[in-house]
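A short write-up of the structure that comes next.
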Amino acid sequence: MSHPVSYRVVGNVGVVTIDNPPVNAFSLAVRKGLNDTISDAIADDSGIILIACAGRTFVAGADISEFGKPPEDPWLPEVLDNIENSPKPVVTAVHGTALGGGFELVLASHYRCALASAKVGLPEVHLGLLPGAGGTQRTPRLAGVEAALELMTSGRPIPAGKAQAAGLIDEVFDDDLEGNALRWCEQLLADGKGPVKVSEKAVPQVDAAVFDGARQLLAKRARGQLAPFRIVDCVEAATRLPYPQGAEFEREQFAECMASPQSAAMRHLFFAERQAAKVRDLPKDTSLRNIRSVAVIGAGTMGGGIAMSCANVGIPVKLLEVDAAALERGFGVIEGNYAKTVKKGRLSQEEAAARRGRIEGTTDYADLADADLVIEAVFEDPELKKTIFRKLDEVCKPGAILATNTSYQDVDAIAGVTNRPGDCLGLHFFSPANVMKLLEVVRGAKTDDDVLATAIRFAKTIRKVPAVARVCYGFIGNRMFNPYIREAQKLLIEGALPETVDAALYEFGMAMGPIAVSDLAGLDVGYKARMALPEEVRGDDTPFKVADALVEAGRLGQKSGAGFYTYDPETRRASPDPEVVTLIEKTSAELGVERRDIGAEEMVERCVFALVNEGLKILDEGIAQRPGDIDIVYLYGYGFAVHRGGPMFYADQVGLDHVLARVREFHERFGSDAPA
């Protein structure tokens, strides 16, 4: 294997090239090679040093295979300090992406250039970390405090042009990066330009209110997370301390973050997301079917969102409804969604029109004959879904993939009404489908390998995170969600109130509390789903007596203006309702339950451990392939706290022995279904 760092001299320019496929990650070999090569370049007759990368990208970050291992010399801060202290000017030339340590290399150089198509960023916050090789100290010296805070606390890469405007890049070229970079190096020499150390620049001073404001924003945007606040601390330190002391403070904060359970959780999710798309028994050489066109049946909220997800990436869509009026309503929602995105400045009017133009309406199944993939997205009526699949079996071309977007139903039973069950599977989107990243890919008993592989690729094409599940009621996410909600409902009957249950789970880190989620989804949705089940599957409805009484009183949640909470018609702001408290207390009395004070810790453990317990059953039954798949489902589909790592990782962190003991205790005290 060739060395990942090479060196050559072109005219007066010593060219250092990093070549460590596929993304030139900063491995130990790269760090050693770069350190040694820079030393050689300093000692030769060249007048200036240019650092570039081979392949499709600049250094795109750390070597993930080294995550969690003790650092080995030379560590990155040392390498970058050596580069910055070079007596010869050092230039970096960026193409593709320069991320994390790769961008810290750029910041440590004396001059910086990039292709216009390049992007740069410091995304360490997504791993529960902060830039640890001078990034928090050099970035504000170049871009100022506020731009530095946004770049690092958001973790979002920015294009080269924006980086240049912020002072992070000096020159941007449209093409021929190497040629232009070499000419620029020669010009710098001709102009007598020497090393310009970023570490010696002063940080533009700002009012202390800037840091207070950043922390207040992060309290909402990154609730419960450690790393974003440590980034603010480091940038604030850069305004008060000389670079060496600021860099030392940064390394202390980096070490604290690296050792934290939060970073372990977020690094777990990083790997779990990459594993989730891999199916253990699916051969790597499985062929793929082409998906050039998609048809969606049902133009409601879900069907419209699915159609938008396809149109947004350039796939033409046929959207089918029962009549023209239903189509018109569906297109009205789609157009409204695009208009909102344009208004927010996230999409141009022209691009929105182009995307809308890729969606064609129809009321005739015959128009779906040429579709490569058909996704049924009607409401949860198994007989209606079977009727639709019988029609699709008649009209769709051989080799077309037929998918049902069901949250609960038996995918095998739906596929079984066709003469092509191997072409069928479930694609469970989450609402709103044009926004939510998760896609549960439900593998039926007879789903062909190439259909499964194609569905996984399709998920990635439309920018979703796929997680593969086998068939059972509710698959991974909703099967686990049922005991979670059940436990929350039991807590109400035992003594809690909706706002106290929600507050406990929100403080734990969930995006919303379980009672608020029920109102958002619609209390009638769960009610109808349970009523449709056979009694032996449904179990005891006692825990849902309050929710069912609300449904029967017409309080369906946000959509009706009242559920467990009442909602302001303009702002949708939730308010506790004394009538609901009365109903809860009455239900407790009817069931002979003496209400008691319940602490937040018990609420969290009962709800979260109910998730964990069901997740372990799902693993045992082979519904999910691995614990990380479950964590990805709950991160992207249900708002589980990212810094907790998902329910299964969280259970490992608190200890499975503790979880088991508490589950047994709860079972003994409260039973599996009864509220007391």
Side-chain angles (χ1 to χ4, degrees), residues 272-297 306-307 309-318 320 365 368-377 385-386 388-406 409-429 433 437-472 475-476 622-626 628-629 632-633:
E273 182 173 334
R274 282 145 186 80
Q275 284 292 314
K278 299 176 182 177
V279 183
R280 286 173 176 163
D281 64 342
L282 192 65
K284 290 183 178 180
D285 60 352
T286 300
S287 60
L288 297 171
R289 302 188 188 184
N290 289 320
I291 304 297
R292 300 187 186 91
S293 63
V294 171
V296 178
I297 299 174
I306 295 170
S309 295
C310 297
N312 289 349
V313 298
I315 300 174
V317 183
K318 292 279 181 66
L320 183 141
Y365 274 86
L368 314 186
D370 291 328
D372 298 311
L373 167 65
V374 183
I375 303 170
E376 165 271 307
K385 290 177 183 289
K386 289 176 183 177
I388 290 171
F389 266 66
R390 289 187 185 98
K391 291 180 181 177
L392 295 177
D393 194 28
E394 294 174 4
V395 303
C396 291
K397 67 183 180 182
I401 297 174
L402 311 183
T404 174
N405 172 60
T406 176
Q409 305 299 336
D410 187 338
V411 172
D412 290 332
I414 295 169
V417 304
T418 74
N419 293 307
R420 51 172 103 181
D423 290 338
C424 301
L425 81 167
L427 291 178
H428 177 205
F429 289 80
K437 290 185 68 175
L438 180 67
L439 179 55
E440 268 188 311
V441 179
V442 185
R443 183 184 191 180
K446 295 184 178 180
T447 301
D448 289 339
D449 284 354
D450 64 336
V451 170
L452 178 62
T454 302
I456 293 169
R457 185 189 64 176
F458 170 72
K460 294 177 181 178
T461 299
I462 62 172
R463 300 171 188 153
K464 305 297 183 189
V465 177
V468 178
R470 288 285 190 177
V471 176
C472 70
F475 319 126
I476 295 172
I623 302 301
Q625 295 185 95
R626 49 183 83 85
D629 292 9
I632 289 301
V633 167

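Keep in mind the model is a prediction, meaning the values are calculated, not measured.
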Between Asp629 and Ala624 (side chain of the first, backbone of the second, donor and acceptor by atom type, cut-off under 3.5 Å), is there such a pair? no
Could you please spell out the steps behind the side chain to side chain contact (heavy atoms under 4.5 Å, CB included) verdict for His428 and Asn405? CA-CA 5 Å; His428 177 205; Asn405 172 60; 4.2 Å; yes
In short, Phe389 meets Cys424 closest at the heavy-atom pair CE2-SG, 4.1 Å
Could you pull out all donor-acceptor pairs under 3.5 Å where a side-chain atom in residues 453-460 meets a protein atom, sequence neighbours excluded?
from: Thr454; atom 1: OG1; to: Arg289; atom 2: N; distance (Å): 2.9
from: Thr454; atom 1: OG1; to: Asp450; atom 2: O; distance (Å): 2.6
from: Arg457; atom 1: NH2; to: Arg289; atom 2: O; distance (Å): 2.7

CA sep, side-chain torsions, deciding dist, call: Leu392, Leu368, side chain to side chain contact (heavy atoms under 4.5 Å, CB included): CA-CA 8 Å; Leu392 295 177; Leu368 314 186; 4.0 Å; yes
Spatial distance of atom SG (Cys396) from atom CD1 (Ile401) [nearest 0.5 Å]: 11.5 Å
Given side chain to side chain contact (heavy atoms under 4.5 Å, CB included), test Val411 with Thr404 step by step and report yes or no. CA-CA 7 Å; Val411 172; Thr404 174; 4.1 Å; yes
About how many Å separate CZ of Arg443 and CD1 of Ile623, when rounded to the nearest 0.5 Å? 12.0 Å
Say you draw a straight line from OG1 of Thr418 to CG of Asp423; how long is it, rounded to the nearest 0.5 Å? 7.5 Å
Exam field: side chain Glu440 to backbone Ile476, donor-acceptor pair closer than 3.5 Å: yes
Please examine the side chains of Asn312 and Ile462, heavy atoms only from C-beta on, and report whether any two atoms are closer than 4.5 Å. no
At their closest point, which heavy atom of Val317 faces which heavy atom of Ile315, and how far apart are they? CG2-O, 3.4 Å
Asp393 and Arg390 ion-paired at < 4.0 Å: no
Check Val374 against Ala371 and note the closest heavy-atom contact, atom names and distance. CG2-CB, 4.0 Å
Full working for side chain to side chain contact (heavy atoms under 4.5 Å, CB included) between Lys318 and Ile297: CA-CA 8 Å; Lys318 292 279 181 66; Ile297 299 174; over 6 Å; no
What distance do Lys397 atom NZ and Asp370 atom CG have between them, rounded to the nearest 0.5 Å? 6.0 Å
Looking only at heavy atoms, what is the nearest atom pair of Leu438 and Ala467, with distance? CD1-CB, 4.3 Å
Shortest non-hydrogen contact between Arg470 and Phe475, atoms and distance: O-CD2, 4.0 Å
How far does CD1 of Ile414 sit from CD1 of Ile388, to the nearest 0.5 angstrom? 9.5 Å
For Ala276 and Gln625, which heavy atoms make the closest approach, and how far apart are they? O-NE2, 4.3 Å
Just how far is it from atom CZ of Arg420 to atom CG of Leu402, taken to the nearest 0.5 Å? 5.0 Å
Salt bridge Lys446-Asp412, side-chain N to carboxylate O under 4.0 Å: no
